[in-house]
Amino acid sequence: MSEVVERWGSRRAFIIAVTGAAVGLGNIWRFPWMVGENGGSVFLLLYVAFVLLLGLPVMVAEILIGRAGRRTPMQALAFLAQEAGGSRHWRLLGLLGGITLFLILSFYAVVSGWSLEYLVDAFSGDFASRSPQEIGAAFDAFLASPGRVIINQTLFMVLTMSVVAFGVGSGLERLNNLLMPLLYLLLVVLVGYAATTTGFGTALRWLFWPDPQAITFMVVLNAMGHAFFTLAVGAGALMAYGAYMPEGQSVPRAVVTVALLDILVALLAGIAIFSIVFSQGMDPASGPGLMFVTLPVAFSQLPGGALWLGSFFILLLIATWTSSINLAEPMVAMLHSAGLRRVTSALLIGSGVWLVGLPSALSFSWLSDVQPIGGMTFFDLATTIPTDILLPVGGLLIAFFAVWVMDAPRAVQALSSNERFFVIWRQVTRWIAIPLLTLVLVGAMF
C-alpha cells in the first residue's frame with residue numbers, strides 16, 4: 001500500500017478542486033427548489049447553520065483521513081486503522097464510498113444531460129415564442145424521448161471521463177482552474193442582471209427575512225440533509241483529494257474557505273433565480289421542475305431572455321461538469337492504484353456509470369410504469385438512496401473513525417493546525433456532528 005505520488009500543484013488548486021467537487025446540482029438545481037418548498041429564509045438560515053455545525057466537522061474528518069493516509073480511500077482507512085490497532089475491515093468504508101459515488105454519478109449524468117439539451121434550446125431563442133404550457137409540455141416530451149435523453153447522458157459522460165483520464169495535474173487541476181472562476185463570474189453577472197428586475201427586492205426579503213412560523217421538523221431535517229449533500233462529504237471523494245493535498249497546507253483554513261465558497265454559490269444562485277421568478281409572478285415552490293420549466297418561462301418574457309437563459313444553463317453545465325469530474329476521480333484512482341492504466345480505468349468507470357444510469361434515463365419513458373420500491377421509479381431511487389441514506393451513513397462512519405479510531409497524534413500532524421483546534425474539532429464532531437448525522441439518517445429512513 002504505497003503512498004500516492006500525485007499532488008495538487010498549489011494550495012489554491014486544492015481549494016478550487018474541493019470547491020468543484022462540492023458545487024454542483026446540489027447548489028444550483030436542488031437548493032432553489034428545496035428553499036422554495038421549505039419556507040424560504042427559514043430553510044436558508046438553517047442550511048447555513050448546519051453547514052457549520054454538521055458539514056464542516058465531517059469535511060475536516062474526511063480530508064484529514066486522506067491527508068494522513070496519503071493513499072486511496074480503501075488503502076488509507078486500512079493503513080490508519082492498522083496503525084491505531086483497529087480492524088482492517090474499516091477499508092470497506094472506502095468501498096461503500098465508491099458505491100455511493102458510482103450511484104450519484106449515474107443520476108448526475110442524466111440530469112446534467114438535460115442541461116445540455118436546454119443549453120442549445122436557450123440560445124436558439126425557441127422559448128421566447130412558446131407559452132408557459134408549451135414550455136412545460138416540451139420538457140415532458142423531451143423526458144419521454146429515450147433517444148434524446150440517452151444521447152445527452154452519453155455526451156456528458158464522455159465530457160467527464162475524458163478529463164479524468166488525463167489525471168490530477170493535466171486533467172482535473174487545469175480544468176478546475178479555468179471553469180470555477182468562470183462559474184463565479186457568470187453568477188455575479190446573473191445577480192447583477194437580477195438586480196435590475198422588479199422581483200429583486202421581493203427575492204431578498206423572501207430569502208433573508210425569516211418567518212418563525214415556517215419552522216417544522218421536516219424543514220429542519222431537510223436543511224440538515226441538504227447541508228450534508230451540498231458539501232459532497234461522506235463518499236470518499238474528499239478523502240481522495242486529501243491524499244493529493246500539498247504539504248503544510250492547513251486543513252481547517254482550506255475547509256472553511258470551501259464551505260464559504262459553497263454557501264456563496266447557493267446564495268447567488270438563489271438571488272438570481274428567485275428574482276426572475278418573482279418578477280414574473282411565478283410560484284417559488286415549483287419543485288424539481290423549477291430549473292427546466294419555471295425559469296425558461298420566466299426568462300422568455302424578459303428582454304434579452306435568450307442570452308440570459310443560455311448563460312444560466314452554461315453556469316449549470318460548468319457546475320455539474322466540474323462536480324462530476326471530481327466525483328469520478330476517486331473511483332478511477334482506485335482502479336489505477338490496482339495496476340490498470342488511468343485511461344482504461346476511466347473507460348471502465350465511465351461505461352459502468354453510464355449503464356447503471358440507463359434505468360434513471362428511461363424512468364420518464366419506457367420504464368415510467370416500473371416502480372420497484374414504494375411507488376418510486378428508478379430515477380427516484382437513484383436520487384434518494386445514495387444522497388439521503390448512503391451519504392449520511394458514510395459521513396457518520398468517517399466522523400466516528402476520525403475521532404474514535406484514528407491516532408490523535410497522527411490527526412494533529414495531518415491537520416497542519418494547532419492542537420487547540422484539534423481538541424475543539426474533536427469535541428464538536430463527537431457531541432454535535434455525529435448526533436445530528438444520526439438524526440438525519442433516522443429521519444431519512446422513517
Practice item. Verify side chain to side chain contact (heavy atoms under 4.5 Å, CB included) between W33 and I273, making sure each step is shown before the conclusion. Key: CA-CA 10 Å; W33 66 261; I273 289 170; over 6 Å; no
Review point. Step by step, would you call L186 with F312 a side chain to side chain contact (heavy atoms under 4.5 Å, CB included)?
Key: CA-CA 8 Å; L186 279 171; F312 182 83; over 6 Å; no
Review point. Can T429 and R426 be said to form a side chain to side chain contact (heavy atoms under 4.5 Å, CB included), step by step?
Key: CA-CA 5 Å; T429 304; R426 187 166 60 172; 5.8 Å; no
Practice item. Evaluate side chain to side chain contact (heavy atoms under 4.5 Å, CB included) for L261 paired with V23, printing each intermediate quantity in order. Key: CA-CA 9 Å; L261 289 172; V23 172; 5.9 Å; no
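Side-chain contact between W308 and L190: present, with at least one pair of heavy atoms (C-beta onward) separated by less than 4.5 Å. Side-chain atoms of L397 and F401, non-hydrogen and from C-beta on, never get closer than 4.5 Å to each other. Under the 4.5 Å side-chain criterion, counting only non-hydrogen atoms from C-beta, V440 is not in contact with F228. Side-chain contact check for N177 versus I16: some heavy-atom pair is nearer than 4.5 Å. Contact annotation: the side chain of W404 approaches that of I434 to within less than 4.5 Å [non-hydrogen atoms, C-beta and beyond]. Between F43 and V220 the shortest side-chain heavy-atom distance does not fall below 4.5 Å. Taking 4.5 Å as the limit, some side-chain heavy atom of Y244 sits within range of a side-chain heavy atom of E329. Side-chain atoms of L381 and T377, non-hydrogen and from C-beta on, never get closer than 4.5 Å to each other.
Q371 CD: more than 12 foreign heavy atoms inside a 6.0 Å radius. The local environment of CD in Q427 is crowded, with over 12 non-hydrogen atoms from other residues, nucleotides or ligands closer than 6.0 Å.
Salt bridge status for E247 with R11: absent, with no side-chain N to carboxylate O gap under 4.0 Å. The pair E62-R67 does not meet the salt-bridge criterion, since no charged nitrogen lies less than 4.0 angstrom from a carboxylate oxygen.
Aromatic pair F139/W114: ring centres closer than 6.0 Å. Aromatic pair F292/Y118: ring centres closer than 6.0 Å. Taking the six-membered ring where the residue is Trp, the centroids of F379 and F364 are separated by under 6.0 Å. Between F31 and Y47, the ring centre distance stays below 6.0 Å.
Side-chain N or O atoms of N418 include one that pairs as donor or acceptor with a backbone N or O of F421 at under 3.5 Å. Counting only distance, with no hydrogens or angles, the side chain of T344 and the backbone of L340 share no donor-acceptor pair below 3.5 Å. One N or O on the side chain of R342 and one on the backbone of V164 form a donor-acceptor pair closer than 3.5 Å. Without hydrogens or angle criteria, D283 side chain to A285 main chain gives a donor-acceptor distance under 3.5 Å. Side-chain atoms of W29 never come within 3.5 Å of backbone atoms of M291 as a donor-acceptor pair (strictly under, hydrogens ignored). Checking side-chain atoms of R430 against main-chain N and O of V403 turns up a donor-acceptor pair under 3.5 Å.
Rounding to the nearest 0.5 Å places CD1 of I99 at 8.0 Å from CG of L390. Remark: S351 OG to M161 CE distance equals 8.5 Å, nearest 0.5 Å. Residue L179 holds its CG atom at 12.5 Å from CG of L185, rounded to the nearest 0.5 Å. Atom-to-atom distance recorded for M59:CE and L54:CG is 11.0 Å, nearest 0.5 angstrom. Atoms OG and CG, from S311 and L187 in turn, are 11.0 Å apart once rounded to the nearest 0.5 Å. Annotation: the span from D388 atom CG to T383 atom OG1 amounts to 8.0 Å, rounded to 0.5 Å.
For the side-chain contact (heavy atoms from CB on, under 4.5 Å) criterion with L77, the lone passing option out of Q82, M239, R88 is M239. Remark: of the listed residues V58, L391, T438, T438 is the sole one forming a side-chain contact (heavy atoms from CB on, under 4.5 Å) with L396. When each of L437, V51, L439, L53 is tested with M224 by the rule side-chain contact (heavy atoms from CB on, under 4.5 Å), just one qualifies, namely L439.
Residue pairs satisfying the side chain to side chain donor-acceptor pair (under 3.5 Å) criterion with at least one member in residues 263-276, sequence neighbours excluded, are absent. Sorted by first and then second residue, the pairs that involve residues 90-110 and meet side chain to side chain donor-acceptor pair (under 3.5 Å), not counting sequence neighbours, are Y108-S323. Applying the side chain to side chain donor-acceptor pair (under 3.5 Å) test to every pair with at least one member in residues 216-238, sequence neighbours left out, gives these pairs: N27-T230, R30-H226, N38-N222, T230-D262.
Closest approach of A68 to M406, counting heavy atoms only: CB-CE, 3.3 Å. Nearest approach of S363 to F378, heavy atoms of both residues: OG-CB, 3.4 Å. Here the closest non-hydrogen pair linking P330 and A237 is CG-CA, 3.4 Å. The heavy-atom pair separating A122 from F313 by the smallest distance is CB-CD1, 4.2 Å. Here the closest non-hydrogen pair linking Q249 and S416 is O-CB, 3.3 Å. Taking every heavy atom of both residues into account, P284 and F274 meet most closely at CB-CE2, 3.7 Å.
Between the side chains of W206 and S41, not a single donor N or O lies within less than 3.5 Å of an accepting N or O. Using modelled atom types and a 3.5 Å distance limit, the side chains of S324 and T160 yield a donor-acceptor pair.
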